[in-house]
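Structure, as structure tokens:
Position 1 is the first residue of the sequence, and the numbers go up from there. Quick caveat, the model's predicted, so the values are computed rather than measured.
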Amino acid sequence: RVFFIIGAFFASVCISIRPYFIFAALSIGVWISFRSYLFENEKYKKKLKKIIIISSSWIFTIGFFIALINFLPYLITNNLEIFISTIKINSVEYVSNPFQT
């Protein structure tokens, strides 16, 4: 359980630095849970339920840490207005489509 949380924390740090690692980090947790329960001698529904629970908790934990790592510095320094304005600036499309009329 401790390694799960530590792994999710480091995966979220990795995603915060390089966002294109999100697919790799999320798929690692799904693959590990799938691999560990694939070779057990249990019924299929029990296996599938365990895989879904572990994979969704992995994804939720990484999402929580990503939000915490990226939002907490703005909250601590009381710069929430800057955080919101940065999100608004990043949501604007910079390159116009030349095919639009």
Side-chain angles (χ1 to χ4, degrees):
R1 191 83 182 148
V2 173
F3 290 126
F4 180 84
I5 294 172
I6 292 171
F9 176 76
F10 283 124
S12 64
V13 170
C14 177
I15 293 168
S16 294
I17 295 172
R18 300 280 188 240
Y20 52 84
F21 286 142
I22 192 165
F23 180 72
L26 294 180
S27 63
I28 285 172
V30 174
W31 170 246
I32 289 173
S33 65
F34 182 72
R35 184 188 62 184
S36 64
Y37 290 108
L38 185 64
F39 298 110
E40 288 186 2
N41 294 327
E42 292 182 18
K43 293 184 178 180
Y44 180 72
K45 287 188 177 182
K46 286 185 178 182
K47 280 192 212 179
L48 186 62
K49 187 175 181 181
K50 285 182 181 180
I51 290 170
I52 290 172
I53 289 172
I54 292 173
S55 299
S56 62
S57 64
W58 173 256
I59 292 169
F60 176 75
T61 307
I62 287 178
F64 173 75
F65 280 131
I66 287 173
L68 186 72
I69 288 171
N70 291 319
F71 181 70
L72 194 61
Y74 292 101
L75 186 64
I76 291 173
T77 58
N78 200 15
N79 289 326
L80 289 177
E81 299 86 23
I82 296 172
F83 180 74
I84 293 169
S85 67
T86 304
I87 291 175
K88 287 180 183 178
I89 289 171
N90 286 335
S91 67
V92 174
E93 186 175 344
Y94 295 115
V95 180
S96 63
N97 190 352
F99 299 110
Q100 285 181 341
T101 55

(request) Enter the distance from I54:CD1 to K49:NZ here, rounded to the nearest 0.5 Å. (result) 12.5 Å

(request) For residues F9 and I5, determine if any side-chain heavy atom of one lies less than 4.5 Å from a side-chain heavy atom of the other. (result) no

(message) Can you confirm whether F60 is buried at CZ, in the sense that more than 12 heavy atoms of other residues, nucleotides or ligands lie under 6.0 Å from that atom?
(response) no

(request) Measure the shortest side-chain to side-chain distance between F64 and S12 over non-hydrogen atoms and say whether it is less than 4.5 angstrom. (result) no

(message) Would you say I59 ends up clustered with I15 if hydrophobic residues are merged whenever their side chains have heavy atoms under 4.5 Å apart, either directly or through other cluster members?
(response) yes

(request) Mind checking the CD1-CZ spacing from I62 to F10? Nearest 0.5 Å is all I need. (result) 13.0 Å

Less than 3.5 Å apart, which donor and acceptor atoms pair up between the side chains of residues 67-80 and the rest of the protein, not counting sequence neighbours?
{"from": "N70", "atom 1": "ND2", "to": "S16", "atom 2": "OG", "distance (Å)": "3.4"}
{"from": "N70", "atom 1": "ND2", "to": "I66", "atom 2": "O", "distance (Å)": "3.1"}
{"from": "T77", "atom 1": "OG1", "to": "P73", "atom 2": "O", "distance (Å)": "2.8"}
{"from": "T77", "atom 1": "OG1", "to": "N79", "atom 2": "ND2", "distance (Å)": "3.1"}

(message) Is it the case that the side chain of W58 and the backbone of A25 share a donor-acceptor pair, with hydrogens and angles ignored and the cut-off at 3.5 Å?
(response) yes

(request) Considering only Ile, Leu, Val, Met, Phe, Trp and Tyr, and joining two whenever side-chain heavy atoms are under 4.5 Å apart, list the other residues clustered with Y20. (result) F21

(request) Measure the CD1-CD1 distance between I82 and I89 for me, rounded to the nearest 0.5 Å. (result) 10.5 Å

(request) Look only at the side chain of S55 and the backbone of I52, and say whether a donor-acceptor pair between them is shorter than 3.5 Å. (result) no

(message) Tell me whether V30 shares a hydrophobic cluster with L26, the cluster being built from Ile, Leu, Val, Met, Phe, Trp, Tyr side chains joined at under 4.5 Å.
(response) yes

(message) I need the I6 CD1 to F65 CZ distance, nearest 0.5 Å.
(response) 9.5 Å

